[in-house]
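All of these numbers come straight from a predicted model, not from anything done at the bench.
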Amino acid sequence: MKNINLAEIFYNIADILEIKNDNFFKIRAYRKAAQTMEELAEDIEDIASRNELQNIPGIGKDLSEKINEYISTDKIRHYEELKKEVPEILLKMMSIQGVGPKKARLIYDRFKVRSIEELERLAKSHKLSGLPGFKEKSEQNILRGIELFKKRSERMLLGAALPIATQIISNLKKLREVKSISTAGSVRRMKETIRDIDILVTSDKPETVTGAFVSMPQVKEVLAQGPTKSSILTKNGLQVDLRVVDPDCYGATLLYFTGSKAHNVALRKLAKSKGWKINEYGVFRTRDKKKLAGKTEKEMYESLGLSYIPPEMGEDTGEIESARRHKIPRLLELADMRGDLHVHTDRSDGSHSLEDAVRAAIKKGYEYIAVTDHTRSLTVAGGQSIREIKKQLADIKRLNKKLKAFRILASAEVDILSDGSLDLPDDLMRQLDIVVAAIHSGFKNKKDVMTERVLRAMNNRYVHIISHPTGRLLHARDPYDIDLEKVVRAARDTKTALEINAYPERLDLNDANARFAKENGVRFAINTDMHTLDQFENMRFGVAVARRAWLTKEDVLNTLPVNKLLKTIQK
DNA sequence: GCCGTTTTCGGCCCGACTGTTTTCAGTCG
């Protein structure tokens, strides 16, 4: 899988071209291609082998040649040449906030800096002040940028950022001057990781709101403060941007601030083709500047002849074309979920009893859960022996008799062993209502081995769901090397559902993979994999992935009533 | 470098904030 490597190379080429002051649109073409590579679900080598690179939007003759060159030689000559022209330190300097191509070039040409530490020394000793356009404030900004650069953590998990955003919003809501308030940006699009939090407010008194925002207790530093737009850094190093607008342009600003950038660019291009213009204040006729829309997002889209596009779809991956044909699907909603098919208890590594899990599920309004404790091979997670599973089965039967309008499904998270065989015998799995299977060991095996393990598990008629199909842990463990295309085809052919695991560190399948699977006729289960009762709440993250993958209620098993569910999963 | 039921050439989204300037360039989203 060379997708990510190619994305990185294209981003670097774009940076180098920017330093060389090359054509702005060429630079953008490289960045767009890099982003596309990043988000591609399919292995770029597979696409290349079918000779279909140029079908990818933003990839033309030239870039497809470069991709092919990289696939066959692991190098791109053009890139190697460019790297000789522009020292790597310039690219590094550009990744410091406040330093762009112009400043990087200027500093490098004058001082020939070789490291960020050297740049820091220059700024501290006021050597930069001599440069044109540089004064004391510029030096301070660079020092602050370096500080951020040094301790910059990776993108934050949505699961960690969303509570912070919610907290800030509830703070600001208390102000009389705040009329309406919403998250925007990648938080609103529910991306799995986010870089900063965007918040949008309507108010007649922007200064009051902005003033309150920059003096919240969690603010460590004010990065920018204008009448309508301000940025702060929180004590835990997260940047939060606030935009205050007039209610008349709320929709326009919400749209603009939610993005994605690519989605905005595509919308503005569409408007331009009609002789209109979109900015954060509305849709305007260019000729006489007459405002055509802006109050709500719906109005914005409709003025362009489009159906409303939910934020999670706004990645410029075909949603605008769908909206033009009024074919935007009714995306899955949290309220559609009738149960959770991956629930642990204290019989393996969960922290609560089965009874407590049932109570919590009923409180959530669910109609069923599947109890999926680990099996014997997974000793680290207290995997249950065959005997223990049989006992649990009897307990579940007894408990079910007492329950009205709720059903506990007997299940297990059966370990897929190194040769692809399963950790439970068939005759026991047959007695379970539903079986979830997953890999928990041997992550380092080669691609064909990993793929074969999962394929063999799916071919078992008692296995209904493959849990966390790629095994990744965000910020901690890469997905194991697996041929997802083969897995997806086999899932469809064997009628095995793939899980979207809602654990914020997992989100596995991810959005792109889930969309790819959907397009190939696969069904899904969205499960929390909960180990503590509060983790039931993670379902919203799984639903978010599903929405980003364009899934509807019909694609997801656990939106079905229990009897229909049990019928549907039969192989 | 990409792209095209107006086009294979000539376009390519748009504005806010900052710091430095006396009207704007650089950077960011």
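- Within 4.0 Å (heavy atoms only), Pro57(A) reaches sugar-phosphate atoms of the nucleic acid but no base atom.
- Using a 4.0 Å cut-off between a side-chain N of Lys or Arg and a carboxylate O of Asp or Glu, Asp316(A) and Lys261(A) do not qualify as a salt bridge.
- dT20(B) and dG26(B) have their C1' atoms separated by 10 Å, with the value rounded to a whole Å.
- Of the nucleotides present, dG11(B) is the one that pairs with dC2(B) by Watson-Crick or G-U wobble criteria, both distances under 3.5 Å.
- Residue-level contact check: Arg31(A) touches neither bases nor backbone, having no heavy atom under 4.0 Å from any strand.
- Nucleic acid contact class of Asn279(A) (heavy atoms, under 4.0 Å, all strands): sugar-phosphate only.
- As judged by a 4.0 angstrom heavy-atom cut-off over every strand, Ile27(A) is placed among residues making no nucleic acid contact.
- By the salt bridge (charged side-chain N to carboxylate O under 4.0 Å, His left out) test, Asp508(A) pairs with no residue at all, sequence neighbours left out.
- Figure legend: cation-pi geometry between Lys112(A) and Tyr108(A), with NZ or CZ positioned under 6.0 Å from the six-membered ring centre and within 45° of its axis.
- Taking a cutoff of 4.0 Å between a charged side-chain nitrogen and a carboxylate oxygen, Arg144(A) and Glu147(A) do not qualify as a salt bridge.
- Surrounding CZ of Arg50(A) are more than 12 heavy atoms belonging to other residues, nucleotides or ligands, all under 6.0 Å away.
- In this structure, Phe257(A) reaches neither bases nor backbone, as no heavy-atom distance under 4.0 Å exists between it and the strands shown.
- At a threshold of 4.0 angstrom between heavy atoms, the contacts of Arg28(A) include nucleobase atoms, whether or not backbone atoms are also involved.
- Across dC13(B) and dC3(B), the matching P atoms stand 14 Å from one another, rounded to whole Å.
- The P atoms of dG19(B) and dC9(B) are separated by 47 Å, rounded to the nearest whole Å.
- Of the two residues near DNA chain B, Asn23(A) and Ala104(A), the one whose nearest nucleotide lies more 5' is Asn23(A).
- Stacking of Arg285(A) on the aromatic ring of Trp276(A) is not recorded, the 6.0 Å distance cut-off and the 45° axial limit not both being met.
- Straight-line distance between the P atoms of dG1(B) and dT6(B): roughly 28 Å, to the nearest whole Å.
- Across all strands shown, Lys261(A) has heavy atoms under 4.0 Å from base atoms, whether or not it also approaches the sugar-phosphate.
- First and last contacting nucleotides of DNA chain B toward chain A (any atom under 4.0 angstrom from a heavy atom, 5' to 3' order): dG1(B) to dG29(B).
- Rounded to a whole angstrom, the distance from the P atom of dT22(B) to that of dC17(B) is 22 Å.
- The local environment of NZ in Lys298(A) is sparse, with at most 12 non-hydrogen atoms from other residues, nucleotides or ligands closer than 6.0 Å.
- Cation-pi geometry between Lys66(A) and Tyr79(A) is not met: the NZ or CZ atom fails to fall both under 6.0 Å from the ring centre and inside 45° of the normal.
- With both ends at atom P, the span from dA16(B) to dG11(B) equals 26 Å, rounded to whole Å.
- When heavy atoms are screened at a 4.0 angstrom cut-off, Lys32(A) is found touching no nucleic acid atom at all.
- Within the nucleic acid shown, Ser231(A) has no heavy atom closer than 4.0 Å to any nucleic acid atom.
- Residue order along DNA chain B, read from the 5' end via each residue's closest nucleotide, puts Gly226(A) first among Lys135(A) and Gly226(A).
- The separation of dT8(B) from dC2(B), taken at their C1' atoms, amounts to 12 Å, rounded to a whole angstrom.
- Residue Phe24(A) is out of contact with every strand shown, counting any heavy-atom pair closer than 4.0 Å.
- Within the nucleic acid shown, Ile59(A) comes within 4.0 Å of sugar-phosphate atoms alone, with no base atom in reach, counting heavy atoms only.
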